[in-house]
**Student:** 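Below is a structure I'd like to ask you about.
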Amino acid sequence: MITTIDPRLAATAIAGGHLAAVPTETVYGLGALASDARAVARIYAVKGRPADHPLIVHVVDAVAFGAWGVRIPTYAHALAAAFWPGPITLVVPRSERAKDFVTGGQDSVAIRVPSHLDAQSLLIELCEITNDRAVGIAAPSANRFGRVSPTTATHVLDEIGGLLQGEDVVLDGGDCSVGVESTIIDCTGPNPRLLRPGAITTQDVEAVSGLKVTHDSTVRASGTLASHYSPDAAVHLLTAADIAAEIAGAGQGVIGLLALADIETPIGVVRLAVPRDAEEYARVLYAALREADALQLEAILAVPPAATGVGVAVIDRLIRAAAGA
Ligand code: TXA
Ligand code: MG
């Protein structure tokens with residue numbers, strides 16, 4: 001395995017049937033050529049992920065999107081035009097390109113155009129090497145199944161470094177700017193359906209599509225399992241007013257606090273992050289959960305941000321992290 005800052009090395013590795021961990025604006029992905037069954041199978045092996053969980057296919061632009069989907073509704077094209085490149089994934093009925101080994105056997109496929117400059121360079125390079133303008137990189141978040149997504153190259157190495165092989169690559173593109181996974185919208189029905197909240201909100205989707213976003217969905221999404229994004233420490237969601245009582249009732253172990261900057265740190269508690277707003281909360285969330293485990297904290301007290309903007313996604317991930325305790 002080699003670590004590099006050169007997207008071309010990652011493109012060469014992926015084209016050659018190897019794996020490459022890839023920075024995106026949301027979290028790091030573990031990428032393979034989406035048309036290569038053997039390489040995609042290695043993603044599942046490295047992640048320890050059940051084979052029926054579908055992967056997101058990352059493509060260079062909205063034209064390539066058209067090659068992976070069929071009967072793409074007008075509102076999905078509008079969302080693609082408005083938000084790509086960017087942190088939103090669109091699920092559409094699949095074309096011949098999207099094989100069972102990528103979709104988990106479902107007849108839909110999840111597509112995203114990432115905005116991280118290194119991910120873009122890698123995709124452009126991969127289009128050239130493969131001579132395919134619609135080439136796709138299948139990439140789930142580069143963590144072991146059910147664990148916290150990586151937002152730095154160091155996190156990736158900590159998570160799966162030991163499982164990568166000779167010609168696999170870790171592309172170091174610095175810290176992820178969003179910090180939580182993409183919004184996923186199921187575009188297989190008459191209305192957009194929210195499968196996973198992210199930095200692009202329900203309101204954003206409604207404004208662009210002119211349609212009401214629904215929440216019920218029959219489509220499976222592993223990031224929507226009750227317990228996910230779980231650190232070893234027990235996560236407790238609470239309000240600022242309940243912090244003192246929670247600490248008084250706690251055991252002997254050291255406790256961590258995750259809360260916006262206007263909330264003070266009680267004596268004896270480890271402050272894991274002091275984000276000034278919901279955007280910063282999202283950016284530092286996963287690093288803070290990892291830090292808690294590195295410090296072998298017993299518990300993490302998390303005071304969530306308000307449920308607006310990316311705050312909705314932060315609350316969603318905190319609830320799932322707490323469910324894993
Ligand atoms: O921000 C992100 O989306 C990151 C970066 C690397 O792009 N990727 C990511 O991948 O979070 P992953 O595999 O950890 O989560 C992808 C989610 C899963 O919950 C999966 O079930 C869902 O997308 N998904 C993929 N294909 C789907 C499909 N055809 N229908 C419904 N859900 C799908
Ligand atoms: Mg994931």
Side-chain angles (χ1 to χ4, degrees), residues 19-32 34 40 43-44 46-59 68-70 76 83-95 98-116 118-120 122-123 136-151 155-156 159-160 171 173 176-189 192-200 217-230 282 286 310 313 316-317 320-321:
L19 300 185
V22 178
T24 82
E25 68 279 19
T26 57
V27 301
Y28 275 71
L30 179 61
V40 171
I43 293 180
Y44 285 88
V46 168
K47 276 196 65 109
R49 179 175 180 153
D52 63 343
H53 284 241
L55 303 176
I56 295 174
V57 177
H58 300 71
V59 296
W68 284 86
V70 292
F83 299 122
W84 281 346
I88 188 167
T89 297
L90 304 176
V91 175
V92 293
R94 66 172 167 175
S95 76
K99 306 295 187 209
D100 281 346
F101 58 80
V102 167
T103 70
Q106 302 193 67
D107 50 15
S108 59
V109 63
I111 304 289
R112 181 162 108 76
V113 178
S115 65
H116 191 294
D118 288 345
Q120 293 245 309
L122 185 159
L123 280 160
I137 299 176
S141 51
N143 51 282
R144 299 275 295 159
F145 182 65
R147 307 289 297 183
V148 178
S149 297
T151 52
H155 294 168
V156 173
E159 276 281 324
I160 57 165
L171 177 60
C176 299
S177 60
V178 175
V180 291
E181 303 81 356
S182 62
T183 306
I184 304 181
I185 301 291
D186 173 7
C187 303
T188 62
R193 285 189 287 191
L194 180 71
L195 299 184
R196 182 175 71 185
I200 292 171
S217 183
T218 51
V219 198
R220 281 174 287 121
S222 77
T224 63
L225 292 177
S227 161
H228 216 76
Y229 317 103
S230 300
Y286 290 152
V310 76
D316 171 78
R317 305 312 191 270
R320 292 175 204 288

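Note that the numbering runs from 1 along the sequence shown for the chain. When a ligand or atom number is given, it counts from 1 through the structure's own listing order.
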**Student:** Do V109 and V92 pass the side-chain contact (heavy atoms from CB on, under 4.5 Å) test, and can you show the C-alpha distance, the side-chain angles, and the key distance before you say yes or no?
**Tutor:** CA-CA 6 Å; V109 63; V92 293; 4.2 Å; yes

**Student:** Under 4.0 Å from any heavy atom of T26, which atoms of ligand 1 are there?
**Tutor:**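 So the atoms of ligand 1 that pass are 1 (O), 2 (C), 4 (C), 5 (C).
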
**Student:** So is H53 close enough to ligand 1, meaning a heavy atom under 4.0 angstrom away?
**Tutor:**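 No, H53 has no heavy atoms under 4.0 Å from ligand 1.
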
**Student:** Out of curiosity, is T103 lining ligand 1, as in a heavy atom under 4.0 Å away?
**Tutor:**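 In this structure, T103 fails to qualify as a contact of ligand 1 - no heavy atom is under 4.0 Å.
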
**Student:** Which pair of heavy atoms, one from C187 and one from P93, lies closest together, and at what distance?
**Tutor:**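 Residues C187 and P93, closest heavy atoms: O-CD, 4.5 Å.
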
**Student:** Using a 4.0 Å cut-off to any heavy atom of G29, which atoms of ligand 1 qualify?
**Tutor:**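 That gives atoms 6 (C) of ligand 1.
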
**Student:** At a 4.0 Å threshold, what atoms of ligand 1 neighbour a non-hydrogen atom of L195?
**Tutor:**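 So the atoms of ligand 1 that pass are 31 (C), 32 (N).
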
**Student:** Please could you name the atoms of ligand 1 that S182 approaches to less than 4.0 Å, counting only its heavy atoms?
**Tutor:**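 Close to S182: 1 (O), 2 (C), 3 (O).
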
**Student:** Between R112 and E181, is the closest basic N to carboxylate O distance under 4.0 Å?
**Tutor:**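 No, no charged N to carboxylate O under 4.0 Å.
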
**Student:** Not counting sequence neighbours, which residues clear salt bridge (charged side-chain N to carboxylate O under 4.0 Å, His left out) with D107? List them please.
**Tutor:**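 In terms of salt bridge (charged side-chain N to carboxylate O under 4.0 Å, His left out), with neighbours along the sequence ignored, D107 is linked to no residue.
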
**Student:** Checking contacts here: is it the side chain or the backbone of L55 that comes within 4.0 Å of ligand 1, counting heavy atoms only? Could be both or neither.
**Tutor:**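 Answer for L55: backbone.
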
**Student:** If we only count N/O pairs under 3.5 Å, is R49 in contact with ligand 1?
**Tutor:**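 R49 vs ligand 1: N/O contact under 3.5 Å present.
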
**Student:** Does the side chain of R49 come within less than 4.5 Å of L55's, by heavy atoms?
**Tutor:**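 A side-chain contact under 4.5 Å exists here.
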
**Student:** If you compare all heavy atoms of Y28 against all heavy atoms of L171, which two are closest, and at what distance to 0.1 Å?
**Tutor:**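 Closest approach of Y28 to L171: CE2-O, 3.3 Å.
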
**Student:** If you count the atoms of ligand 1 from 1 in the order shown, which ones are under 4.0 Å from a heavy atom of H58?
**Tutor:**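 This gives 5 (C), 6 (C), 7 (O) as the contact atoms.
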
**Student:** What do you reckon, does K47 have a nitrogen or oxygen under 3.5 Å from a nitrogen or oxygen of ligand 1?
**Tutor:**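 Min N/O separation from ligand 1 is not below 3.5 Å for K47.
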
**Student:** I need the minimum non-hydrogen distance between F101 and A34, along with the two atoms involved.
**Tutor:**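 In this case the closest contact between F101 and A34 is CE1-O, 3.3 Å.
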
**Student:** Going by the atom numbers of ligand 1, which of them fall below 4.0 Å from some non-hydrogen atom of I56?
**Tutor:**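 Once the distances to I56 are compared, the set is 3 (O), 8 (N), 9 (C), 10 (O), 16 (C), 23 (O).
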
**Student:** Going by heavy atoms, is R94 under 4.0 Å from ligand 1?
**Tutor:**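 Outside the 4.0 Å threshold, so no.
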
**Student:** Taking non-hydrogen atoms only, is I184 closer than 4.0 angstrom to ligand 1 via side chain, backbone, both or neither?
**Tutor:**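 Side chain only.
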
**Student:** E181 to ligand 1: N or O pair under 3.5 Å?
**Tutor:**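 No, since none of the N or O atoms of E181 sits under 3.5 Å from an N or O of ligand 1.
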
**Student:** Taking atom 10 (O) of ligand 1 as the point of reference, which of A138, A98, S141, A142 owns the nearest heavy atom?
**Tutor:**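 Among A138, A98, S141, A142, the closest heavy atom to atom 10 (O) of ligand 1 comes from S141.
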
**Student:** Do any of the N, O or S atoms of N143 sit under 2.8 Å from the Mg ion (ligand 2)?
**Tutor:**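 Checking the Mg ion (ligand 2) against N143, no N, O or S atom falls under 2.8 Å.
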
**Student:** Please walk me through it: do H155 and S149 pass side-chain contact (heavy atoms from CB on, under 4.5 Å)?
**Tutor:** CA-CA 8 Å; H155 294 168; S149 297; over 6 Å; no

**Student:** Please name all residues satisfying side chain to side chain donor-acceptor pair (under 3.5 Å) with T89, sequence neighbours left out, ordered by chain then number.
**Tutor:**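 Per chain and number, T89 pairs via side chain to side chain donor-acceptor pair (under 3.5 Å) with S182.
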
**Student:** If I compare all heavy atoms of A199 with all of V310, which pair ends up nearest, and what's the gap?
**Tutor:**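 Taking every non-hydrogen atom into account, CA-CG2, 3.7 Å.
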
**Student:** Considering both backbone and side-chain atoms of T24, is one of its nitrogen or oxygen atoms within less than 3.5 Å of a nitrogen or oxygen in ligand 1?
**Tutor:**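 No, since none of the N or O atoms of T24 sits under 3.5 Å from an N or O of ligand 1.
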
**Student:** Of all heavy-atom pairs between T151 and T26, which one has the smallest distance, and what is that distance?
**Tutor:**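 Closest pair (atom of T151, atom of T26, distance): CG2-O, 4.2 Å.
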
